[in-house]
Engineer: 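One structure, as structure tokens, below. Some questions next.
Just so it is clear, the values below take in all heavy atoms, side chains as well, and ignore hydrogens, waters and symmetry mates.
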Amino acid sequence: MFLREYVPQSVRDVWSTEFEQLRQGAMTVSEYAVCFNDLAKHSPALVATVRERVRRFIERLNPSIRFSIARELEMDIAYEQVVGIARRLGGMLTQEREEREAKRS
């Protein structure tokens with residue numbers, strides 16, 4: 001209601017486009033989750049259900065994490081749980097990468 005009355009449609013369209021194009025990329029899972037949540041607030045129709053919110057979040061994670069968490073798409077799992085799992089996986093992958101790089105030196 002507030003958005004419709006006080007925020008111009010052009011600004012809402014920009015937010016929706018940014019949300020549609022959001023990918024984890026070089027961000028940590030935590031940084032990605034913050035961006036995802038901020039943009040999702042402005043595009044409620046795109047994440048109208050918990051299942052849709054979880055699906056969109058997982059599909060835009062980096063492949064190394066997305067493949068490990070894909071089974072959560074088939075379960076009725078809370079969005080916060082999915083974010084927590086993704087954060088742990090991201091941390092483990094970062095630690096593995098750092099250990100490999102340390103061995104190379």
Engineer: Salt bridge between Arg55 and Glu59, side-chain N to carboxylate O under 4.0 Å?
Structural biologist: yes

Engineer: Side chains of Glu20 and Arg56, heavy atoms from C-beta outward: is any pair under 4.5 Å?
Structural biologist: yes

Engineer: Going by side-chain contact (heavy atoms from CB on, under 4.5 Å), name the residues that satisfy it together with Arg88, two or more places apart in sequence or in a different chain.
Structural biologist: Ile85

Engineer: Taking C-beta and beyond as the side chain, do Met27 and Leu22 meet within less than 4.5 Å on heavy atoms?
Structural biologist: yes

Engineer: Is the backbone N or O of Thr28 less than 3.5 Å from a side-chain atom of Glu31, with the two atoms forming a donor-acceptor pair by type?
Structural biologist: yes

Engineer: Let me check something: do Leu46 and Val82 share a hydrophobic cluster, defined by ILVMFWY side-chain heavy atoms less than 4.5 Å apart, either directly or through other members?
Structural biologist: yes

Engineer: Any idea which heavy atoms bring Ala78 and Val54 closest together, and the distance?
Structural biologist: C-CG2, 4.3 Å

Engineer: Taking the side chain as everything from C-beta on, heavy atoms only, tell me whether Glu72 gets closer than 4.5 Å to Ile69.
Structural biologist: yes

Engineer: Verify the cluster assignment for Val50 and Phe19: are they in a single hydrophobic cluster under the rule of side-chain heavy atoms below 4.5 Å apart?
Structural biologist: yes

Engineer: Ring-plane angle category for Phe36 and Phe57, please: parallel below 30°, perpendicular beyond 60°, tilted otherwise.
Structural biologist: perpendicular

Engineer: What pairs meet the ring pair (Phe, Tyr, Trp, His ring centres under 6.0 Å) rule with one or both residues in residues 84-105, with sequence neighbours excluded?
Structural biologist: none

Engineer: So Arg60 and Gln21, do their side chains get closer than 4.5 Å, heavy atoms only?
Structural biologist: no

Engineer: State the CG-OG distance between Leu93 and Ser64, to the nearest 0.5 angstrom.
Structural biologist: 5.0 Å

Engineer: Less than 4.5 Å apart, side chain to side chain, heavy atoms only: is that true for Gln24 and Ile65?
Structural biologist: yes

Engineer: With a 4.5 Å cut-off on side-chain heavy atoms, are Lys41 and Trp15 touching?
Structural biologist: no

Engineer: From Ser68 OG over to Leu61 CG, what is the distance, rounded to the nearest 0.5 angstrom?
Structural biologist: 10.0 Å

Engineer: Using a 4.5 Å cut-off on heavy atoms from C-beta on, say whether the side chain of Arg100 contacts that of Arg97.
Structural biologist: yes

Engineer: Which distance, rounded to the nearest 0.5 Å, do you find between the CG of Asp13 and the CD of Glu18?
Structural biologist: 11.5 Å

Engineer: Counting C-beta onward and ignoring hydrogens, is there a side-chain heavy-atom pair between His42 and Ser16 closer than 4.5 Å?
Structural biologist: no

Engineer: If you take all heavy atoms of Val47 and Ala40, which pair is closest and at what distance?
Structural biologist: CG2-CB, 4.0 Å

Engineer: Once side-chain contact (heavy atoms from CB on, under 4.5 Å) is applied, do any residues pair with Asn37, and if so which ones, sequence neighbours excluded?
Structural biologist: Arg53, Tyr79

Engineer: Could you tell me whether a side-chain N or O of Glu52 sits under 3.5 Å from a main-chain N or O of Thr49, the two making a donor and an acceptor?
Structural biologist: no

Engineer: If you round to the nearest 0.5 Å, how far is OG1 of Thr94 from CD of Glu99?
Structural biologist: 11.0 Å

Engineer: Hey, any chance Met92 and Val29 share a hydrophobic cluster, counting ILVMFWY side chains that come within less than 4.5 Å of each other, even indirectly?
Structural biologist: yes

